[in-house]
Amino acid sequence: MLTTARFWRETPQRYRMEAGRCTSCGKVWYPPRRICGECKGREFETVRLPDEGTLYTYTVIRVAPTAFVDQAPYAVALVDLADGTRIMCQLVDCEPEEIELGMPVRLEFRRILGEGEAGMLAYAHKAVPKR
Amino acid sequence: MLTTARFWRETPQRYRMEAGRCTSCGKVWYPPRRICGECKGREFETVRLPDEGTLYTYTVIRVAPTAFVDQAPYAVALVDLADGTRIMCQLVDCEPEEIELGMPVRLEFRRILGEGEAGMLAYAHKAVPKR
Amino acid sequence: MRDVAVIGVGLSAWGELWDRSLRDLFVEAALNAVEDAGVDSVEAIFVGCMTGGLFAQQEHIGALVADYLGVAPIPATRTESACASAGAAFRTALMAVDSGNHDVVLVGGVEKMTDVDGGGATAALAAASDQEYEAFHGVTFPGLYAMMARAHMAKYGTTREQLGLVAVKNHENGSKNPHAQFPMKVTLEQVLGSVMVADPLRILDCSPITDGASAAVVCPLEMAEKIAKKAPVRVTGSGQATDSIALHQRKDLTFLESTAAAAARAYDMAGCGPGDLDVVEVHDCFTISEIMVMEALGLVEKGQGGPAVEAGETALGGRIPVNTSGGLKSKGHPVGATGVAQIHEIVTQLRGEAGDRQVAGARRGLAQNMGGTGASATVHILEVA
Amino acid sequence: MRDVAVIGVGLSAWGELWDRSLRDLFVEAALNAVEDAGVDSVEAIFVGCMTGGLFAQQEHIGALVADYLGVAPIPATRTESACASAGAAFRTALMAVDSGNHDVVLVGGVEKMTDVDGGGATAALAAASDQEYEAFHGVTFPGLYAMMARAHMAKYGTTREQLGLVAVKNHENGSKNPHAQFPMKVTLEQVLGSVMVADPLRILDCSPITDGASAAVVCPLEMAEKIAKKAPVRVTGSGQATDSIALHQRKDLTFLESTAAAAARAYDMAGCGPGDLDVVEVHDCFTISEIMVMEALGLVEKGQGGPAVEAGETALGGRIPVNTSGGLKSKGHPVGATGVAQIHEIVTQLRGEAGDRQVAGARRGLAQNMGGTGASATVHILEVA
Ligand SMILES: [Zn+2]
Ligand SMILES: [Zn+2]
């Protein structure tokens, strides 16, 4: 179930790709955290993740959870962004057979899913091949 | 969510009020069990609970779970049946101010709730005042 | 068996916290507890949570919080005993230290309850009752306790006013607790005039829906004296027990057998009795609960809970102050976090850090946590070391 | 710390059991374990369950099963670490005995998975991953392991055929196990031709959806020799560890750090290494999992899991038989019950009661249980006493 508060509080991360960079050790955490897992630092500055990267690994979901059944098959990927941060997202605008590990991708803001006719819509970034 | 298997397997207990009587110590368990909590006996005979009893305690639900919101307010009671078995069920066909502890009641088979327009219906016994 | 001490306690913010996630709340409480203890690291985590699944679509709570605390790969396990989940976590953490498997252990609880609406929360909480033979009939948790209340009133003559006075006392105490979610005072008239939830219980008889987390750090007593920033508090008694999950199987609806059994074990272990306590936190999820728990703990005779409240015996300054924190009623009740939040209050009292609600000279306290309608209970006794 | 022994093990029926409820399944397994142990009573219960809430709308699992076993008021606590819930319960039970808090403890696990449909089960299981940064994007558990598989294949040259041979071996073993849910043998061609679930994983790479329960009875070793019906099996090593809940935070997607850390602790405690094991049960929720776990346990070098399976090293009669029970793949995978079902197999092997799948002269075995994509892991080492 999409509940308003759950989605609203992730907005900065999902809509603006905001991460937290530890001011002590420089490690970037996505989503942001309260304490740095590397150095135990507690201070972070907000950084916007780069919107380009390369494909680290992926899969094509053919048996989907109920909410995503209409979209299947669809690819989901781990993308290594230009600053070294790795994120999970869908990989769209390409056929499964076009996908190759290491291929360059760009992040675009897209719709993740909609709930019924008058329900909520959820958005986030998806990767598309850079051509 | 009403799921078919979950409701189907409770049918003997809910529709026919079947309980298990321990053949060693005579204790009646509703719903039936695999081991007797009194004497550790493992053999039970199926008995049908009596359909008359008296009201032990009750409440009137005014803030209801989502599935029951349309029915509120409604009374729920613990009823001591004639054989000494105590069960929980709704108490219907009376106004809250008519309810008294110790009053005689009779069990009747009624609808508990329905799920949407073409969804499942759940039935069980409810207590009604004996007048 | 080694003696175990509590060396740090911490809470997150508590309330209707739309901007805070489950993981974030627990991390806040844990960091507060670790800082309070003054330790650099912990070796294992036990975290209570009742239903991360139904409230937040998230299970695997132990690994989640270890990750967001930045302490992986240490072991982290969630315990669940409905609203006694954190009490069970605390007892499990004691055994982890007792047994020599771990020295410094982080224990706590968390619940994120406001990501679902009121009906959803009612349905999620109903998973602590017998889904097939209680919730199926449309009965809610206030409804189950209402049935117990009516039975108690019929058997012992407990009055509607006595129930209300539990709420009045706990809000009075909560008004002195900076952590309380609802610190406002209430009058008996306000309680008796508040909206009916499940007869005879009204909204001001019920604990609220709360997002929040609690945490504590425990370690062997002999180590505590070396590593802790503050004076350690010793855990001298621990008990846990069960009862039938459904009310219809109870022999006596007016007595909480599981709390009595857990208390008997804890008293025995601590070598003390109810008359030896200076301060007590109990699971007042509803006003009737506090009265019934007082009786099961032996603080009063059976049936005398109502009159004792009326006489002010459990108020601050009374014979045995109960729920100095404000209790679940005023302080809030993030169900999986409550058990360790009670430990937080007892430790605060035994350290003499309770401010306006301090029980003068408190040296021994008890915390009682309860799941469902009493199908689970934990009792812990803590003492100045 | 006291030495702890397993003196009884038991399973319920496993399968798609529409006529059986969660409570009924656990009671069946528990009664089998208690009968196998030959004891009259138990003092406490720890029960693993991943998501009673999302699968069965029922939490408060500890109290529920204590009630239906007829053993209230003994303490009963549920533990949850996703699919490692029962492994965590087992470790907790060891600490309860170790610490002297309890002598005879019942431990087990249960999951009732078929009360929801396939999409519902996929969504419930997703609660073991990061709901907000994994499940949110529509990725499923097969999908997460598929990404790990592809990374492993890219880094080490693991082949699609090697993955398939894990399934072939486990179904071969399962065909010799009367408890197996899917005891049919499968060929490599059948695996490679089965329907795609999440590339490159196919349906025959995946463990099934199972209703079922498992149980064991543990007690101090010195007591075991007096009260047990059969020769006790000694628990010599126990380890548990965590890793990041989300894959995107892992340093190396191809190595299971939590399993390696849990194993290091268990080996250290037992005073042995991977070369000293006679039989091993691992968490093969997917074929790639078994290969990665073999590497994390040190049964083979990093990257050599696939070739070892291909060479038959882990088959019955091979260098180190893995998943003689048929594993999660063939035996079934009621997620919260699996960890103690693995203990059941190791005990059965060490007793020499494994029939056609017996490893001759087995004296030391290891069971590895894993939650999520490896964010939790437990490792236990058992030996003939
Ligand atoms: Zn840092
Ligand atoms: Zn009997």
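Chain letters run A, B, ... following the sequence lines, proteins first and then strands; every chain starts at 1.
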So, is the end of the A/Arg14 side chain (NZ or CZ) under 6.0 Å from the ring centre of D/Tyr133 and within 45° of the ring's axis?
-> yes
Does the A/Thr59 side chain pair with the main chain of D/Met147, one donor and one acceptor, at a distance under 3.5 Å?
-> no
Give, as side chain, backbone, both or neither, the part of A/Ala77 having an atom under 4.5 angstrom from any heavy atom of chain D.
-> backbone
Measuring from A/Glu97:CD to D/Asp199:CG, what's the distance to the nearest 0.5 Å?
-> 10.0 Å
Contact winner vs chain D - A/Val60, A/Val76, A/Thr66, heavy-atom pairs under 4.5 Å = A/Val60
Name the region of D/Ala246, side chain, backbone, both or neither, that has any atom closer than 4.5 Å to a heavy atom of chain A.
-> neither
Test of ring centre spacing under 6.0 Å for A/Phe68 and D/Phe136 = no
One option among D/Thr122, D/Val197, D/Leu247 has the most heavy-atom pairs under 4.5 Å with chain A, and it is D/Val197
Hey, is A/Glu100 close enough to D/Arg150 for a salt bridge, meaning N to O under 4.0 Å?
-> no
With rounding to the nearest 0.5 Å, note down the distance linking OG1 in A/Thr57 to NZ in D/Lys155.
-> 12.5 Å
Nearest heavy-atom neighbours spanning D/His137 and A/Met88 = NE2-O, 3.3 Å
Does A/Gln13 reach the side chain of D/Glu132, with side-chain heavy atoms less than 4.5 Å apart?
-> no
Can you say whether A/Ile112 sits under 4.5 Å from chain D via the side chain, the backbone, both, or neither, judging by heavy atoms?
-> side chain
Mark yes or no for whether D/His248, through its side chain, and A/Tyr30, through its backbone, hold a donor-acceptor pair below 3.5 Å.
-> yes
Considering residues, nucleotides and ligands other than D/Glu301, do more than 12 of their heavy atoms fall under 6.0 Å from its CD?
-> no
For A/Leu78, is it the side chain, the backbone, both or neither that has a heavy atom under 4.5 Å from a heavy atom of chain D?
-> both
Contact check, side chains of A/Val63 and D/Thr140, non-hydrogen atoms, under 4.5 Å = no
Which atoms of D/Ile203 approach chain A - backbone, side chain, both or neither, heavy atom under 4.5 Å = neither
Show the numbers, then the answer: is there a side-chain contact (heavy atoms from CB on, under 4.5 Å) between A/Arg62 and D/Val195?
-> CA-CA 9 Å; A/Arg62 295 174 193 274; D/Val195 67; over 6 Å; no
Is there a donor-acceptor pair under 3.5 Å between the side chain of A/Gln90 and the backbone N or O of D/Gly138?
-> no
